[in-house]
Trainee: 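Take this structure, written in structure tokens, and hold onto it; I'll ask about it next.
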Amino acid sequence: MTQTLSISERKIGFWLAVLLALLGFVMAASARHGVMAAHGFMALALGFGLVFVLGGALFDPEPQQDRSSRYYDAPTRFGIVMTLVWAMIGMGVGVWVAGLLYLPEATPPWPWTSFGRLRPVHTTGIIFGFGGNALIATSFHVLQRTSRARLADNISPWFVLLGFNLFCLWAVTGYMMGSTQSKEYAEAEWYADLWLVVVWVTYFALYIRTLARRAEPHIYVANWYYLAFILVVAMLHIVNNLALPVRWTTAESFPVWSGVQDAMVQWWYGHNAVAFFLTSGFLGMLYYFLPVRSGRPIWSYRLSIVSFWGIVFFYIWVGSHHLHYTALPYWAQTLGMTFSVILLVPSWASAGNAIATLNGAWHKVRDDATLRFMFVAAVFYGLSTFEGSFLAIRPVNSLSHYTDWTVGHVHSGTLGWVAMIVFGAIYTLVPQLSGREAMASPRAVEWHFWLAVGGTLVYVVSMWNAGITQGLMWRAYDENGALSYSFVQSVEAMAPYYLLRTIGGAMFLAGTVICVWNCRATMRTTGGEVTDRPLAPQPAE
Amino acid sequence: MLKLHYNLEKVSMGLVAAIIFAASIGGIVEIAPLFTIDETVELPDDLRPHTPLELAGREIYIREGCYACHSQMVRSLADELDRYGPYSLASESAYNHPMLWGSKRTGPDLARLGGKYSDDWHVQHLIDPRSVVPASIMPAYPWLDRPLDTGLLRDSLATLARLGVPYDEAMIQAASADAQAQSNPDSDGAEGVIERYGEGVAIRDFDGDTSMLSELDAVVAYLQSLGTLTDTPYEVLAEGGQ
Ligand code: HEM
């Protein structure tokens with residue numbers, strides 16, 4: 001980090017680090033004990049660490065002179081490393097909690113290892129830690145390449161990445177210590193939420209400022225998706241997390257929403273976290289890395305416009321399909337269902353556009369595991385959006401809701417689509433950032449690919465079976481008109497599927513471990529400089 | 001159209017504005033009308049908010065992530081009515097910040113749980129679920145026998161009152177004393193709990209150990225209160241059946 005910053009930038013960074021340490025100190029000192037104090041200490045430690053790193057480098061030589069005529073890739077590198085770290089944490093915890101559902105006796109007697117506390121560690125760690133870092137890291141890369149401009153400044157990318165990771169750390173450690181808002185995918189405490197707003201505004205400003213420097217008249221499609229991701233996530237995050245702290249010096253707070261309103265706001269947020277965190281940004285990734293890797297332009301520009309606006313407009317409506325047959329007013333449920341079905345059109349338009357792009361490059365898909373990751377991602381994107389629209393239909397939902405079918409659906413999207421496209425992007429980026437032609441071990445990429453595909457299939461198929469079995473058992477009546485099965489019988493029936501799911505998850509995790517090893521080996525043997533340069537002269541700022 | 005978009009792609013702030021506009025409509029249409037619900041859905045007269053002890057139990061329920069496996073929302077489907085009881089009404093969770101409707105039933109729905117089992121059963125089940133239900137995959141919570149921290153209760157009630165939950169000044173002032181008294185029927189404060197929260201409140205020693213107010217007391221008090229805060233769902237169902 002420090003070698004790429006000028007001395008005056010290091011000074012600014014130094015003072016920002018001092019501020020962070022101070023913020024941590026104030027938090028710890030005013031809370032005195034409990035979760036908020038622990039989080040204050042974490043901020044203090046991070047601030048101190050940065051003070052040392054930056055302070056120690058204050059008198060080092062200036063970076064090379066032609067810095068501004070190059071892309072700024074150091075933050076992307078760091079972001080990818082963090083992506084991999086969180087992948088291991090998030091998936092590791094995923095496999096662990098999957099195992100606990102098969103063998104609950106294995107829970108150690110410490111509260112923080114309990115299923116209910118670790119499940120949000122899995123979801124937050126994987127969605128925000130793994131997914132979020134991947135999005136930020138690739139967005140910096142894509143933004144610069146498609147704008148042919150260097151990032152607008154050198155400090156805010158670091159602020160965004162470090163700040164975002166501090167948020168993730170606060171969130172997951174908070175749950176383990178027993179502090180949570182209990183709103184799915186928005187469990188973090190109120191001060192962590194406020195912190196994320198600051199980080200996010202900086203991110204948005206950086207994005208817009210860099211776009212303003214672009215040497216291309218048009219903003220490329222990938223950037224539309226990244227922009228939608230940044231903007232709408234901000235909107236969702238702020239509205240859903242409005243809360244009143246019990247005291248300014250404790251982590252506890254109460255959301256301002258209650259009852260039905262809370263349920264509607266929560267699932268408006270929850271489903272659009274899927275849409276704008278787990279879909280829109282990753283479509284941006286797809287629209288950049290797929291053409292780059294396959295060497296073919298996007299099949300249809302027109303279709304990309306239609307599907308983009310379709311996704312932005314229709315997705316927002318669908319959250320209420322999480323609340324069928326509940327106390328939510330019927331009209332709102334119906335709207336959610338209707339728009340969910342319509343949503344299939346722009347979703348398949350995107351998936352189809354991606355797959356059609358590969359026309360004429362199928363031999364590459366066969367030979368190149370990296371491109372195959374992206375191809376499989378597009379296929380699973382198509383499959384899980386189809387499944388999603390299907391599950392949103394009221395009578396289908398009456399069977400699937402509350403069961404493991406939902407979990408199967410979620411993971412066909414997250415393992416099959418999100419994780420696959422991230423791996424495709426990582427295998428494209430890491431060699432490039434390291435100035436190499438290819439990954440250290442192409443064979444390992446091949447292994448990773450088959451473990452990931454196999455793991456996903458085992459996971460998803462076992463959860464389909466689990467969910468449908470559960471749903472059918474719950475509603476089965478015998479000839480006397482009494483319920484056929486007690487709840488516990490349906491629990492017993494799940495055991496084989498939960499075991500299979502754990503095995504599928506472990507395969508997927510094994511693939512990730514191979515990926516981490518391979519990336520490390522590639523990054524360590526850096527071949528030289530990144531070769532591509534912004535082509536046009538930089539406009540003066 | 002295409003031409004228009006062609007130009008839009010050149011203006012970053014234009015794109016930003018268009019995205020915000022397109023992404024706002026759905027949310028506004030679906031969420032805004034729900035805020036008139038306070039007028040359209042009548043709150044039942046007998047609906048009471050949770051007592052401080054139950055509220056403390058609810059916070060523990062949230063802390064331990066019970067909501068990750070248990071829903072509290074009976075859907076209006078025949079098998080759910082037979083399995084759990086009357087379907088849930090919007091008004092029942094009107095005082096719940098946040099709602100705990102849940103999204104996954106690894107364990108059964110708990111919306112109608114109050115009174116289904118004895119306090120002893122719950123204590124035993126929480127400490128070691130497999131000792132009462134051998135096939136259970138619910139985690140054990142042996143640490144819940146530790147003392148309950150009531151330090152935050154007063155401010156919690158005050159915060160909820162600011163958000164519109166009907167806790168009056170007397171309830172707020174007495175919050176932590178009421179938590180103690182609810183699990184201690186012989187104490188002087190027990191009368192006060194009834195006076196403030198009504199006859200329907202269960203006043204007894206929930207965990208079978210009078211020497212200390214434990215987290216178990218709070219959780220069991222909360223579990224036993226589920227579905228008992230108003231009788232309306234039963235009345236609505238009976239009327240519908242006629
Ligand atoms: C190593 C692979 C993985 C394993 C073994 C795994 C396992 C699990 C388990 C056991 C649950 C809880 C299900 C339940 O409560 O019954 C879960 C939930 C969830 N996981 Fe994963 N997971 C993995 C990867 C991922 C990835 C890569 C993502 C996202 C990018 C993800 C996102 C989620 C989400 C959003 C939920 C919540 C689902 C819901 O509320 O219905 N998981 N996962």
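Each chain gets a letter, A, B and so on, in the order its sequence line appears, and its residues count up from 1. Treat the numbers as computed from the prediction; the structure is a model and nothing was measured.
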Trainee: Taking A:S258 for its side chain and B:A94 for its backbone only, find out whether a donor-acceptor pair lies under 3.5 Å.
Mentor: yes

Trainee: Going by heavy atoms in the side chains, are B:K104 and A:D404 under 4.5 Å from each other?
Mentor: yes

Trainee: Which class fits the ring pair B:H5 and A:W309: parallel under 30°, tilted 30 to 60°, perpendicular over 60°?
Mentor: perpendicular

Trainee: Mind listing the closest non-hydrogen atom pair of A:V491 and B:A135 along with its distance?
Mentor: CG1-O, 4.1 Å

Trainee: For B:D168, I'd like to know if atom CG has over 12 heavy atoms of other residues, nucleotides or ligands within 6.0 Å.
Mentor: yes

Trainee: At their closest point, which heavy atom of B:G27 faces which heavy atom of A:W268, and how far apart are they?
Mentor: CA-NE1, 3.5 Å

Trainee: Give, as side chain, backbone, both or neither, the part of A:V221 having an atom under 4.5 angstrom from any heavy atom of chain B.
Mentor: neither

Trainee: Given the options A:V488, A:L211, A:L231, which has more heavy-atom pairs under 4.5 Å with chain B than any of the others?
Mentor: A:L231

Trainee: Less than 4.5 Å to any heavy atom of chain A: does that hold for the side chain of B:Y67, its backbone, both, or neither?
Mentor: side chain

Trainee: Side chain from CB out, backbone as N, CA, C, O: work out which of these in A:L483 comes under 4.5 Å of a heavy atom of chain B, or both, or neither.
Mentor: side chain

Trainee: Between A:R119 and B:A68, which heavy-atom pair has the shortest distance, and what is it?
Mentor: CD-CB, 3.6 Å

Trainee: Taking side chain as everything from C-beta outward and backbone as N, CA, C, O, which of these in B:S136 sits under 4.5 Å from a heavy atom of chain A? Side chain, backbone, both or neither.
Mentor: backbone

Trainee: Counting heavy-atom pairs under 4.5 Å with chain A, which one of B:A23, B:S76, B:P129, B:S93 comes out on top?
Mentor: B:A23

Trainee: Which atoms of B:C69 come close to chain A, meaning under 4.5 Å heavy atom to heavy atom: side chain ones, backbone ones, both, or neither?
Mentor: side chain

Trainee: Under 4.5 Å heavy-atom distance to chain A, tell me which part of B:V29 shows up: side chain, backbone, both or neither.
Mentor: both

Trainee: Is A:H218 reaching over with its side chain to a backbone N or O of B:K10, donor-acceptor style, under 3.5 angstrom?
Mentor: no

Trainee: What option among B:Y61, B:F21, B:W101, B:Y95 has the most heavy-atom pairs under 4.5 Å with chain A?
Mentor: B:W101

Trainee: Checking A:E184 against B:S103: is there a side-chain donor and acceptor pair closer than 3.5 Å?
Mentor: yes

Trainee: Under 4.5 Å from any heavy atom of chain A, what part of B:L89 do you find: side chain, backbone, both or neither?
Mentor: backbone

Trainee: Donor-acceptor pair, A:D262 side chain versus B:P98 backbone, under 3.5 Å?
Mentor: no

Trainee: Please state whether the side chain, the backbone, both or neither of B:P142 comes within less than 4.5 Å of a heavy atom of chain A.
Mentor: neither

Trainee: Take A:M494 and B:T106 through the test side chain to side chain contact (heavy atoms under 4.5 Å, CB included) and record every step on the way to the result.
Mentor: CA-CA 10 Å; A:M494 291 304 106; B:T106 303; over 6 Å; no

Trainee: Let me confirm one number: the CG-CD distance from A:N223 to B:E9, rounded to the nearest 0.5 Å.
Mentor: 10.5 Å

Trainee: Heavy-atom pairs under 4.5 Å with chain B - which of A:I305, A:T180, A:T107, A:L227 has more of them than the others?
Mentor: A:I305

Trainee: Does any backbone or side-chain atom of A:P109 lie under 4.5 Å from a heavy atom of chain B? Answer side chain, backbone, both or neither.
Mentor: backbone

Trainee: Show the numbers, then the answer: is there a side chain to side chain contact (heavy atoms under 4.5 Å, CB included) between A:S320 and B:E30?
Mentor: CA-CA 9 Å; A:S320 50; B:E30 285 186 354; 3.8 Å; yes

Trainee: For A:T406, is it the side chain, the backbone, both, or neither that has a heavy atom closer than 4.5 Å to a heavy atom of chain B?
Mentor: neither

Trainee: Do you know which of A:W110, A:Y102, A:F314, A:W331 has the most heavy-atom pairs under 4.5 Å to chain B?
Mentor: A:W331

Trainee: With only heavy atoms counted, which part of A:T250 is less than 4.5 Å from chain B, the side chain, the backbone, both or neither?
Mentor: side chain

Trainee: Pick whichever of A:F254, A:F313, A:Y175 has the most heavy-atom pairs under 4.5 Å with chain B.
Mentor: A:F254

Trainee: At a 4.5 Å cut-off on heavy atoms, which part of B:I25 comes close to chain A: side chain, backbone, both, or neither?
Mentor: both

Trainee: Under a 4.5 Å heavy-atom cut-off, does chain A meet the side chain of B:E92, its backbone, both or neither?
Mentor: neither

Trainee: Tell me, side chain or backbone of B:W143 under 4.5 Å from chain A's heavy atoms, or both, or neither?
Mentor: side chain

Trainee: Minimum heavy-atom separation for A:W317 to B:G26, with atom names?
Mentor: CE2-CA, 3.2 Å

Trainee: Verify side chain to side chain contact (heavy atoms under 4.5 Å, CB included) between B:R63 and A:R117, making sure each step is shown before the conclusion.
Mentor: CA-CA 7 Å; B:R63 180 187 82 195; A:R117 296 196 189 190; 3.3 Å; yes

Trainee: Quick check on B:A78 against chain A: is it the side chain, the backbone, both or neither that has a heavy atom closer than 4.5 Å?
Mentor: both

Trainee: If you round to the nearest 0.5 Å, how far is OG1 of A:T326 from CE of B:M99?
Mentor: 9.5 Å

Trainee: Please state whether the side chain, the backbone, both or neither of A:Y220 comes within less than 4.5 Å of a heavy atom of chain B.
Mentor: neither

Trainee: Quick one: what part of B:L100 sits under 4.5 Å from any heavy atom of chain A, side chain, backbone, both or neither?
Mentor: side chain

Trainee: Side chain from CB out, backbone as N, CA, C, O: work out which of these in A:L103 comes under 4.5 Å of a heavy atom of chain B, or both, or neither.
Mentor: neither

Trainee: Can you measure from CD1 (B:I19) to CE (A:M235) and round to the nearest 0.5 angstrom?
Mentor: 10.5 Å

Trainee: Let me confirm one number: the CH2-OG distance from A:W224 to B:S12, rounded to the nearest 0.5 Å.
Mentor: 14.0 Å

Trainee: Could you give me the CA-CA distance, side-chain angles and deciding distance for A:Q181 and B:I62, then say whether side chain to side chain contact (heavy atoms under 4.5 Å, CB included) is met?
Mentor: CA-CA 8 Å; A:Q181 291 192 330; B:I62 291 175; over 6 Å; no

Trainee: Could you look at B:L144 and say if it's the side chain, the backbone, both or neither that has a heavy atom under 4.5 Å from chain A?
Mentor: neither

Trainee: Flag the one option from A:E216, A:Q266, A:H401 with the top tally of heavy-atom pairs under 4.5 Å to chain B.
Mentor: A:H401

Trainee: Can you name the closest pair of heavy atoms from B:G102 and A:Y402 and give their distance?
Mentor: O-CE2, 3.9 Å

Trainee: Which value, rounded to the nearest 0.5 Å, describes the distance between B:E59 atom CD and A:S182 atom OG?
Mentor: 8.5 Å

Trainee: Report the distance from atom CZ of B:R83 to atom CH2 of A:W474, rounding to the nearest 0.5 Å.
Mentor: 8.5 Å

Trainee: Nearest heavy-atom pair of B:T159 and A:V246: which atoms, and what distance?
Mentor: OG1-CA, 3.6 Å

Trainee: Do other residues, nucleotides or ligands put more than 12 heavy atoms under 6.0 Å from the CZ atom of A:F204?
Mentor: yes

Trainee: Verify the neighbour count for atom CZ of B:R130: are there more than 12 heavy atoms of other residues, nucleotides or ligands below 6.0 Å?
Mentor: yes

Trainee: What residue in A:F308, A:Y477, A:F115 has the most heavy-atom pairs under 4.5 Å with chain B?
Mentor: A:Y477

